[in-house]
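Chain A is the first sequence line, chain B the second, and so forth, proteins listed ahead of strands; every chain is numbered from 1. These figures come from a predicted structure and were not determined experimentally.
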Number of protein chains: 2
Amino acid sequence: MSHIAGARQAQKQRTRQALLDAGLRLLEHQSLSSLGLREITREVGVAPAGFYRHFRDMSDLGVALVSESFGSLHAMVRAIRGEQAKSDEVIDGTVAVIARYVREHRAHFRFIARERHGGMQQVREAIAAELDKFAEELASDLSAQPESEGWSQEDIRMLAGLYVNQMVLIATSFLEASPDDPESEERIARTARRQLRLIHLGRLHWLDG
Amino acid sequence: MSHIAGARQAQKQRTRQALLDAGLRLLEHQSLSSLGLREITREVGVAPAGFYRHFRDMSDLGVALVSESFGSLHAMVRAIRGEQAKSDEVIDGTVAVIARYVREHRAHFRFIARERHGGMQQVREAIAAELDKFAEELASDLSAQPESEGWSQEDIRMLAGLYVNQMVLIATSFLEASPDDPESEERIARTARRQLRLIHLGRLHWLDG
DNA sequence: TCATCCAGTAAACAGTCGTTCGCCCAACCG
DNA sequence: CGGTTGGGCGAACGACTGTTTACTGGATGA
């Protein structure tokens, strides 16, 4: 196996992680395509040439950050799935979980929001692929619910996409709220709950006509 | 008046516009924060120092591009308002208008999508302000419709925000479709129409419970 | 007509950048 | 133990960056 770290590979992974952490930290106020290789190595305290021992270039590091970020996000999804109840409670719980995870993984979410439509193609594609996988998982969850009886696969996929986009949107709204203003956060949560409820109502009446 | 161009000011505005156009062209494959001042002046055929006769710095040019872009967008909104009919026709028309405007103003929409959460604060704020103004106008439109009877101002504003976000999302989806693939474009339009219809259904049943 | 203005210029400034090249030396394996 | 591996280093490379300076010359207005 390759992951049973000898003291050798362990140190390598430690500096690799340090590079990722420094990158994420520096990305708080700029975007990936304007972030310099030297900027990162300087922050870590490593010679510029050392960077190449871990990443081919900056977009390579960007793709690695995408994986890391979606680790957090999948943990969030599992937390949402965990709380099973009916409609209103699920919605309230969902918004609360999003708020909590954004608070605890601010840098990761900001990175995803910023680079989702950002300047580096490889990173954009990596994010799109992860979001797509996410929507697919959600779709299979949704199709198991009684509300989805009589729905076509395509419509379920459409609804899953709507939910995923909405959740990303809610998360980025929380990001834009001032970090230490619980009032603005509550205002955003209030709007987010209503929007999710409206979508839920639409779902319940999809097959009416 | 300042806008009755003498041959003097006319030429100034022409190179200013040339700088904006070159900027927008170069932003097709990168983001604003990685775009260099010299890159733009080189493209236009102007000395680097000349840039400062028109913009304080790159974020200043970015804000100007935001205004220019939302000129296109407001034209689009007027086109949507123009076509009045009921529910399904409105939705089909809306999606068609978005598709057309994205096709005709690709660079502007890509710029907005990319910089909405991008690296430069001033530009982000300018975009947020424009989108907010947009949502406010839409809210006042919505409140004049019979479907909004009995709705609180806050809920109407919530719905308007949902629509605006959805329209931006639809536009960026079109952007990501290959430019000359009418089939993928139709697939996206199909999904977009259903998502808007589901939201519309939710709207109709908002006051049920 | 003549003095004034000002968009655009050329040159130089002090930096920064990504990338390549040997080299070193501690961890590793037989 | 001795030979090999490979992460990290320091230095140098050419190219590029944003910004300031003093200037030119055509449009401008009295």
With a 4.0 Å cut-off, would you call B/Arg38 and B/Glu43 a salt bridge?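 Salt bridge: no.
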salt_bridge(B/Glu154, A/Arg190) N-O dist < 4.0 Å: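 Yes, B/Glu154 and A/Arg190 are salt-bridged.
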Heavy-atom side-chain proximity of B/Glu176 to A/His117 below 4.5 angstrom: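 Sidechains of A/His117 and B/Glu176: in contact.
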If you assign each of A/Glu39 and A/Ala49 to its closest nucleotide in DNA chain C, which residue comes earlier from the 5' end?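 Between the two, 5'-proximity favours A/Glu39.
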Looking only at side-chain N and O atoms, does [X] come under 4.0 Å of OP1 or OP2 in [N]?
| X | N | result |
| --- | --- | --- |
| A/Thr15 | D/dG7 | no |
| A/Tyr52 | C/dT19 | yes |
| A/Arg42 | C/dC17 | yes |

Tell me which nucleotide among C/dA12, C/dG18, C/dT9 gets nearest to the side chain of B/Arg38.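 Nearest to the side chain of B/Arg38 among the choices is C/dA12.
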Only Watson-Crick and G-U wobble pairs, only distances under 3.5 Å, only runs of 3 or more: what stems does that leave for DNA chain D?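 Result, WC/G-U stems under 3.5 Å: C:1-12 with D:19-30, C:14-17 with D:14-17, C:19-30 with D:1-12.
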Please work out if B/Gly36 contacts a base, only the sugar-phosphate, or nothing of the nucleic acid, heavy-atom cut-off 4.0 Å. sugar-phosphate
Side-chain-base donor-acceptor pair under 3.5 Å for A/Arg8 and D/dG7: no
So B/Tyr101 and B/His105, would you call those rings parallel, tilted or perpendicular, with 30° and 60° as cut-offs?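 Geometry flag for B/His105 against B/Tyr101: parallel rings.
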Considering residues, nucleotides and ligands other than B/Gln13, do more than 12 of their heavy atoms fall under 6.0 Å from its CD? no
If you count every heavy atom of other residues, nucleotides or ligands that lies below 6.0 Å from B/Arg106 atom CZ, does the total exceed 12?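 More than 12 within 6.0 Å, yes.
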By nearest heavy atom, map B/Arg53 and A/Arg16 onto DNA chain D; which one lands nearer the 5' end? A/Arg16
